[in-house]
Amino acid sequence: MALTRSALRLFSGRFTQACQVRGYADAPSMSLTFAAPSQVLYNNISVKQIDVPSFSGSFGILPAHVPTLAVLKPGVVTVFENDGSTKKFFVSSGTVTINEDSTVQLLAEEAVPVDTLDISAAKELLAQSQSQLASASSEVAKAEAEISIEVSEALVKACE
Amino acid sequence: SQQVRGMATLKMISIRLKSVKNIQKITQSMKMVSAAKYTKAERELKLARPYGIGAQEFYKKAEVKDEEGEKGQLIIAVSSDRGLCGAVHSSIGRIVKTDIAANPNTKVVIVGDKVRNILQRLYAKNIAMVVTEVGRKPAVFGDAALVAQSIINSGIEFSKGKILFNAFRTVVSFRTTEMPLYSQNAVANASKLPVYDSLDSDVIQSYTEFSLASLLFYSMKENATSEQSSRMTAMDNASKNAGEMIDKLTMTFNRTRQAVITRELIEIISGAAALETKN
């Protein structure tokens with residue numbers, strides 16, 4: 001069992017799908033806790049796959065993904081649930097932790113379902129942030145404006 | 001002169017009665033306000049719990065341990081500015097005091113005026129930072145992020161750290177708990193860290209900074225709920241005590257009033273009797 005477990009760790013992502021079909025006695029499942037400070041989206045729910053946007057690139061998480069930590073970038077998180085449905089959420093920032101035992105903690109600073117986003121408001125925010133950058137004086141103000149632009153660009157992209 | 005004393009006592013009792021009645025009104029309304037704030041705080045806490053528990057998972061799963069080193073201990077004592085809430089502030093103050101006694105090389109970041117007042121007298125040199133204007137409005141993530149940013153900007157270094165707060169259990173009970181805080185070095189040296197793939201110091205730094213804010217937010221939410229429920233209980237007890245005092249005072253008042261009347265009657269009657277016998 002130990003041998004097959006370590007073999008499993010060598011592969012990640014797609015290969016584990018094939019391994020799952022073979023069916024171990026304790027087939028790996030993935031328990032997701034996806035929460036924001038003021039709301040809980042998933043609390044230790046078993047899901048099939050999660051796609052996350054991170055600063056080290058967007059990647060998909062499947063059961064028995066190699067443990068890692070990543071910092072979230074503004075973008076869309078897609079959760080593929082066990083019953084086949086997909087849910088998309090826009091996240092502003094946060095962290096994702098994948099542990100050895102296939103538990104995933106996705107902690108987002110703000111997370112909203114994508115279908116609640118209003119594309120015109122997002123475009124307005126983008127225009128506002130761009131003008132903020134143009135009129136920014138200090139380094140801090142510039143950085144804040146750039147962050148604002150990044151988030152609004154991602155928002156617009158998510159609405160499309 | 002006894003009569004004069006009787007009247008004076010009567011006046012005094014009625015003044016006291018009025019003031020205790022006012023106090024009872026105030027404590028009752030404070031209880032109502034706390035009850036409303038408690039309901040809101042508890043609701044927000046329920047939504048924040050998975051977030052707060054999730055934020056601690058990595059440190060448990062990666063078996064992060066305190067750094068070996070002499071940089072001292074950091075305690076973040078989470079409390080609030082407002083009193084009349086039972087043992088909420090004093091329990092935190094007590095634990096900080098015993099901790100500093102055991103570990104003199106300790107820096108304390110205090111969130112909330114009340115704990116500052118407790119520690120100021122004897123441990124002023126251990127206080128690194130104080131955050132005020134806490135507790136009036138429910139905490140939002142931005143508040144915790146602000147505190148976390150200030151702590152990071154201040155460059156405090158520590159080998160061992162903890163967040164001290166009151167975890168909410170039930171309406172009538174809370175427990176003073178601590179959550180461990182780990183420095184970036186401690187995370188980098190964690191026994192299970194090699195298991196985690198493709199981590200560089202940037203990711204670890206961002207991760208620990210974000211989780212500091214997240215853990216602070218969670219502790220603030222727990223503390224707020226404990227504080228409001230404790231204040232509710234304290235004000236309820238105060239109202240009950242005031243009620244008892246009012247009953248006792250009312251009894252005394254009535255007895256004194258009747259005594260005064262009886263005395264007057266006696267004097268009138270004995271005066272009238274004296275006049276009659278004279279005739």
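- Looking at B:Y207, the atoms closer than 4.5 Å to chain A (heavy atoms on both sides) sit in the backbone and in the side chain alike.
- No part of A:E110 comes within reach of chain B, as not one of its non-hydrogen atoms sits under 4.5 angstrom from that chain.
- Only the side chain of A:D101 has a heavy atom closer than 4.5 Å to any heavy atom of chain B.
- Atom OG of B:S211 is separated from atom CG of A:L69 by 9.5 Å, given to the nearest 0.5 angstrom.
- The shortest non-hydrogen separation linking A:N43 to B:P50 is ND2-CG, 3.6 Å.
- Residue B:F210 touches chain A through its side chain alone, counting heavy-atom pairs closer than 4.5 Å.
- Residue B:R169 qualifies as enclosed at atom CZ: its count of foreign heavy atoms under 6.0 Å is above 12.
- Residues of residues 112-125 of chain A lying under 4.5 angstrom from chain B, judged on non-hydrogen atoms, do not exist.
- Of all heavy-atom pairs spanning A:T68 and B:D197, the tightest one is OG1-O, 2.9 Å.
- With a 4.5 Å cut-off on non-hydrogen atoms, B:K192 touches chain A through its side chain but not through its backbone.
- Taking the side-chain hydrogen bond (donor to acceptor under 3.5 Å, both in side chains) definition, one finds that B:K31 meets it with B:D236, sequence neighbours left out.
- In terms of heavy-atom proximity, A:L107 sits nearest to B:G54 at CD1-C, 3.9 Å.
- Expressed to the nearest 0.5 Å, how far CD of A:Q105 lies from OH of B:Y51 amounts to 12.0 Å.
- Chain B is approached within less than 4.5 Å, heavy atom to heavy atom, by A:T33, A:A35, A:A36, A:P37, A:S38, A:Q39, A:V40 from residues 33-42 of chain A, ordered by number.
- When the heavy atoms of residues 87-99 of chain A are compared with those of chain B, the residues falling under 4.5 Å are A:G94, A:T95, A:V96, A:T97, A:I98, A:N99, listed by number.
- Within the 4.5 angstrom heavy-atom criterion, no atom of A:S56 approaches chain B.
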